[in-house]
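Below is one structure, written out as structure tokens; the observations come after it.
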Amino acid sequence: EILKAILPKGIDTPHSFEIIGHIAHLNLPEYRKEEHKNFSLKQWEAYKRIIGEVIIDKNPQVRTVVNKIGVISNKYRVFDMEILSGEPNLVTEIT
């Protein structure tokens, strides 16, 4: 609800995300000019950062928010990701 209140119309807010240790993982859509006519790529990058900051603010255990980029193309299900907000620490421990 917070994201819907602060982001402009037309921005798809995440419905869910995974938390592993201190990392929250999202699958946000890629920017497509034909679909996102109301804002620029630069604005979309800023909105992604805001989404990450809200997730960190509302989930005390989360210190890093990442977004999957590209497709999973190997048997180990490893994917490229970008850090949206928080610490640039991608090493976590699950207890």
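Count residues from 1 along the sequence.
Proximity of a side-chain donor or acceptor of N59 to a complementary backbone N or O of I55 within less than 3.5 Å is detected. With H22 contributing its side chain and N89 its backbone, the two residues share a donor-acceptor pair below 3.5 Å.
The heavy-atom pair separating S16 from L26 by the smallest distance is O-CD2, 4.2 Å. Across every non-hydrogen atom of R49 and L84, the tightest pair is CD-O, 2.9 Å. Between P60 and K58 the shortest heavy-atom distance is CD-O, 3.8 Å. Here the closest non-hydrogen pair linking V65 and G52 is CG2-O, 3.5 Å.
Salt-bridge annotation for K42 and E45: absent, with no side-chain N of the basic residue lying under 4.0 Å from a carboxylate O of the acidic one. Under the 4.0 Å criterion applied to side-chain N and carboxylate O atoms, K48 and E82 are assigned as salt-bridge partners.
One finds the CD1 atom of I23 at 12.5 Å from the CD atom of E18 (value rounded to the nearest 0.5 Å). Between the OG1 atom in T13 and the CG atom in L28 there is a gap of 9.5 Å [rounded to 0.5 Å].
With contacts defined as side-chain heavy-atom distances shorter than 4.5 Å, the pair I51/L3 qualifies. Counting heavy atoms from C-beta on, the side chains of L90 and I83 come closer than 4.5 Å.
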Point to revise | side chain to side chain contact (heavy atoms under 4.5 Å, CB included) assessment of R63 paired with I56 | key: CA-CA 6 Å; R63 297 190 314 269; I56 288 173; over 6 Å; no
Exercise for review: Could you walk me through whether T64 and T92 pass the side chain to side chain contact (heavy atoms under 4.5 Å, CB included) test, one step at a time?
Suggested key: CA-CA 10 Å; T64 305; T92 191; over 6 Å; no
**Study point:** Steps toward side chain to side chain contact (heavy atoms under 4.5 Å, CB included) verdict (I6, V54)
**Key:** CA-CA 10 Å; I6 62 174; V54 169; 3.8 Å; yes
Exercise for review: Apply the test side chain to side chain contact (heavy atoms under 4.5 Å, CB included) to residues W44 and I11: give CA-CA distance (whole Å), side-chain angles for both, the deciding distance (0.1 Å), then the verdict.
Suggested key: CA-CA 8 Å; W44 173 236; I11 299 287; 3.9 Å; yes
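Hydrophobic clustering keeps I69 apart from F17 (ILVMFWY residues linked when any side-chain heavy atoms are closer than 4.5 Å, directly or through intermediates). In the hydrophobic clustering of this structure, M81 does not group with I20; members are Ile, Leu, Val, Met, Phe, Trp, Tyr whose side-chain heavy atoms approach within less than 4.5 Å, directly or through other members.
Residue-environment remark: CD (Q61) exceeds the threshold of 12 foreign heavy atoms within 6.0 Å. Atom CD1 of I2 sits in a sparse spot, with 12 or fewer heavy atoms from other residues, nucleotides or ligands closer than 6.0 Å.
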